[in-house]
Amino acid sequence: MSVEPDPQVLAGLDAWRDLTAGQQPQWPDRTALEQVSTRLAALPPLVFAGEADALRGHLAAAGRGEAFLLQGGDCAETFAEATADNIRNKIKTILQMAVVLTYGASLPVVKMGRMAGQYAKPRSSDAETRDGVTLPAFRGDIINGFDFTPEARTPDPQRLLEAYHTSASTLNLIRAFTTGGFASLLRVHEWNRGFTTNPAYSRYEEIAAEIDRAIRFMAACGADFDALRTVDFYSSHEGLLLDYERPLTRIDSRTGLPYDCSAHFLWIGERTRQLDGAHVDYFSRVQNPLGIKLGPTTTGDDALALIDRLNPSGEPGRITFITRMGAGKVRDLLPALVEKVTADGRPVTWVCDPMHGNGITSATGYKTRRFSDVMDEVAGFFEVHRALGTVPGGLHIELTGDDVTEVLGGSEQIDDEGLARRYETLVDPRLNHQQSLEMAFQVVELLRKA
């Protein structure tokens with residue numbers, strides 16, 4: 001029997017419209033937007049409330065140190081790159097990292113993609129000027145196009161529908177890969193096929209061989225391998241574009257409560273976490289597990305105020321704080337934040353985003369990061385939690401399954417000139433397949449110490 005929603009709950013889902021909503025596009029045709037919103041609201045949900053509830057339980061376990069969250073994927077997905085090969089390679093990379101972490105640290109890994117919805121990006125300016133021409137900034141494929149023309153840069157509501165359909169096809173492929181046998185631990189060697197041979201690949205092959213031996217041993221003992229044949233894989237994106245999130249919010253027939261069914265996990269960005277802003281208000285009203293990005297200016301009082309708004313009752317797994325301090329600041333700024341939240345007593349899951357605080361511009365003009373800085377922030381994150389006796393619950397990273405050259409360093413020793421070989425991102429630089437695996441091996445050592 002369905003539970004009818006409270007009319008006040010339904011009305012509350014639109015309270016954000018009377019608040020300041022940062023980082024939203026200026027839609028030129030409001031009638032077209034309303035027509036698209038009506039269509040989105042009538043389409044099937046992309047994910048289901050029960051799946052979001054299961055994820056909340058897994059995140060609560062990560063907050064207690066009984067699991068570890070691995071969240072990875074593109075800085076900004078594009079419609080053109082939503083191909084079977086690209087999706088498969090990202091899944092393979094995350095599965096490989098998860099195997100390294102699980103095998104090396106004897107810890108279950110919660111696998112989550114920045115996939116099937118990461119189409120909108122916050123920007124530092126509403127406009128971009130080139131050669132005296134000023135046009136709206138590129139805000140992601142869900143809003144406008146990357147080409148610097150008036151036609152491409154004009155926000156187009158039809159892109160919301162394309163984002164929905166592209167997300168649906170991406171999720172369909174993810175589910176096929178993760179439940180149809182591709183993700184079975186009995187096939188760990190196959191996840192390396194198609195990737196360039198490199199030192200991280202060789203170390204992974206050693207682990208795959210050890211897993212094979214362990215599985216043969218268990219088979220000889222009569223073990224049942226059904227649990228090894230599929231994996232749970234969750235979707236996530238920044239809940240930035242409220243004109244997309246609102247029509248995809250559904251009322252759960254079991255409880256009468258609203259869930260944002262565009263993804264299992266949504267996060268509120270550093271630029272939109274204002275306590276009196278539209279994003280905090282909106283996401284306080286849905287039941288999904290939520291992430292909040294916390295940068296170097298965040299105080300302990302800021303963090304507690306966010307808990308008051310988003311999880312006042314202290315439900316485990318509801319709140320994940322994703323810290324992004326920068327390698328040079330994490331050891332100085334994170335301790336006071338963690339201490340204040342820990343003293344409050346309401347549970348949160350602490351996750352490290354080592355990407356966004358470490359951006360630089362290379363000598364050749366590319367927006368990039370140093371792999372050494374990324375890993376130094378991860379190390380600092382673990383050191384702080386180890387010193388305080390708190391739990392480092394996971395990683396939030398921008399990666400691709402392809403052999404791009406966007407981040408400096410790593411065992412490939414990508415240098416300034418090397419960036420030009422395969423610099424493909426439209427927004428932020430991503431770890432490539434080899435660098436992602438290198439990170440996993442280094443994080444295993446940190447987890448063992450923790």
Side-chain angles (χ1 to χ4, degrees), residues 45-63 67-77 82 87 90-91 93-95 97-98 109-122 140 142 163-164 166-168 170-175 177-178 231-242 244-245 248-249 259-270 272-273 279 282-283 286-294 310 317-324 348-353 355-356 393-401 427-428 430 436:
L46 290 170
V47 303
F48 303 103
E51 296 170 337
D53 290 342
L55 175 59
R56 192 186 307 110
H58 294 317
L59 292 172
F68 190 78
L69 172 66
L70 176 61
Q71 183 181 11
D74 272 315
C75 155
E77 293 178 283
I87 293 165
K90 270 184 275 193
I91 293 171
T93 301
I94 292 170
L95 290 175
M97 292 178 74
V109 172
V110 184
K111 292 166 272 291
M112 187 189 297
R114 285 175 57 114
M115 298 173 70
Q118 184 55 20
Y119 295 113
K121 290 297 292 181
I142 194 170
Y164 170 89
T166 308
S167 296
T170 299
L171 282 166
N172 186 49
L173 202 53
I174 288 172
R175 290 188 172 112
F177 282 141
T178 54
V231 300
D232 292 327
F233 194 101
Y234 296 99
S235 67
S236 68
H237 62 260
E238 180 176 356
L240 184 65
L241 184 56
L242 295 175
Y244 182 72
E245 306 304 336
L248 286 174
T249 296
Y259 285 75
D260 185 342
C261 293
S262 70
H264 300 108
F265 179 92
L266 290 305
W267 73 86
I268 302 171
E270 169 81 350
T272 52
R273 58 174 175 79
H279 289 81
Y282 186 74
F283 288 107
V286 298
Q287 301 300 302
N288 305 61
L290 300 174
I292 304 102
K293 290 285 189 83
L294 303 180
L310 297 166
R318 161 71 168 170
I319 293 294
T320 297
F321 278 149
I322 306 166
T323 59
R324 39 158 295 182
V348 303
T349 302
W350 292 99
V351 167
C352 177
D353 168 2
M355 311 297 290
H356 288 92
L395 285 177
H396 177 116
I397 49 180
E398 293 182 339
L399 61 80
T400 175
V427 189
D428 289 343
R430 307 159 292 177
S436 300

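Sequence positions, counted from 1, serve as the residue numbers for this chain. Keep in mind it's a predicted model, so treat the numbers as computed, not measured.
Judged as a salt bridge (charged side-chain N to carboxylate O under 4.0 Å, His left out), the pairs with a partner in residues 52-63 (not counting sequence neighbours) are, in order, D53-R56, D53-R254, R56-E315.
For the pair R318/L290, a side-chain contact is recorded, criterion being any heavy-atom separation below 4.5 Å from C-beta on. Using a 4.5 Å heavy-atom threshold, the side chains of T320 and P289 count as separate. In this structure, the side chains of R324 and M355 stay at 4.5 Å or more apart for every pair of heavy atoms. Counting heavy atoms from C-beta outward, L95 and V231 have side chains that approach closer than 4.5 Å. Taking the side chain as every heavy atom from C-beta outward, M115 and S235 never approach each other to under 4.5 Å. A heavy-atom distance below 4.5 Å is found between the side chains of R114 and E398. Looking only at side-chain heavy atoms (C-beta outward), T272 and E238 come within less than 4.5 Å of each other. Looking at D260 and Y244, their side chains never come closer than 4.5 Å, going by heavy atoms from C-beta outward.
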*Would T349 and L69 count as a side-chain contact (heavy atoms from CB on, under 4.5 Å) if you check the C-alpha gap in whole Å, the side-chain angles of each, and the deciding distance to 0.1 Å?*
CA-CA 9 Å; T349 302; L69 172 66; 5.7 Å; no
*Under the side-chain contact (heavy atoms from CB on, under 4.5 Å) rule, what do V427 and D74 come out as? Steps first, then yes or no, please.*
CA-CA 10 Å; V427 189; D74 272 315; over 6 Å; no
_Determine whether L395 and F68 satisfy the following criterion, side-chain contact (heavy atoms from CB on, under 4.5 Å), listing intermediate values before the conclusion._
CA-CA 8 Å; L395 285 177; F68 190 78; 4.0 Å; yes
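Residues satisfying the ring-ring contact (aromatic ring centres under 6.0 Å, His included) criterion with H396, sequence neighbours excluded, are W267. Partners of F233 under the ring-ring contact (aromatic ring centres under 6.0 Å, His included) rule, at least two apart in sequence or in another chain, do not exist in this structure. Considering only residues two or more places apart in sequence or on other chains, S236 meets the side chain to side chain donor-acceptor pair (under 3.5 Å) condition with Q71. Contacts of D232 classified as side chain to side chain contact (heavy atoms under 4.5 Å, CB included), with partners at least two apart in sequence or in another chain: H58, Y234. For L173, the side chain to side chain contact (heavy atoms under 4.5 Å, CB included) partners two or more places apart in sequence, or in a different chain, are A84, I87, F177.
Remark: side-chain polar atoms of K111 are paired, donor with acceptor, to backbone N or O of V109 under 3.5 angstrom.
Interatomic distance, S167 OG to I142 CD1, rounded to the nearest 0.5 Å: 7.0 Å. Interatomic distance, CG of L59 versus CZ of F265, reported as 6.0 Å (0.5 Å rounding). Y119 contributes atom OH, which lies 13.5 Å from atom CG of L241 (distance to the nearest 0.5 angstrom). Distance CG/D428 to NE2/H356: 4.5 Å, rounded to 0.5 Å. Between E270 atom CD and D353 atom CG the span is 10.0 Å, to the nearest 0.5 Å. For the atom pair CD1 of I268 and CG of L240, the computed distance is 11.0 Å after rounding to the nearest 0.5 Å.
For the side chain to side chain contact (heavy atoms under 4.5 Å, CB included) with I292, the lone residue among T323, V348, I319 that qualifies is I319.
Between G113 and I94, the shortest heavy-atom distance links the atoms CA-CD1, 4.3 Å. Between L46 and S262 the shortest heavy-atom distance is CD1-O, 3.9 Å. Counting all heavy atoms, side chain and backbone alike, G401 lies closest to T93 at CA-OG1, 3.2 Å. When all heavy atoms are compared, the tightest approach of L70 to A98 is CD2-N, 3.8 Å.
Of the N and O atoms on the side chains of H237 and E245, at least one donor lies less than 3.5 Å from an acceptor on the other residue.
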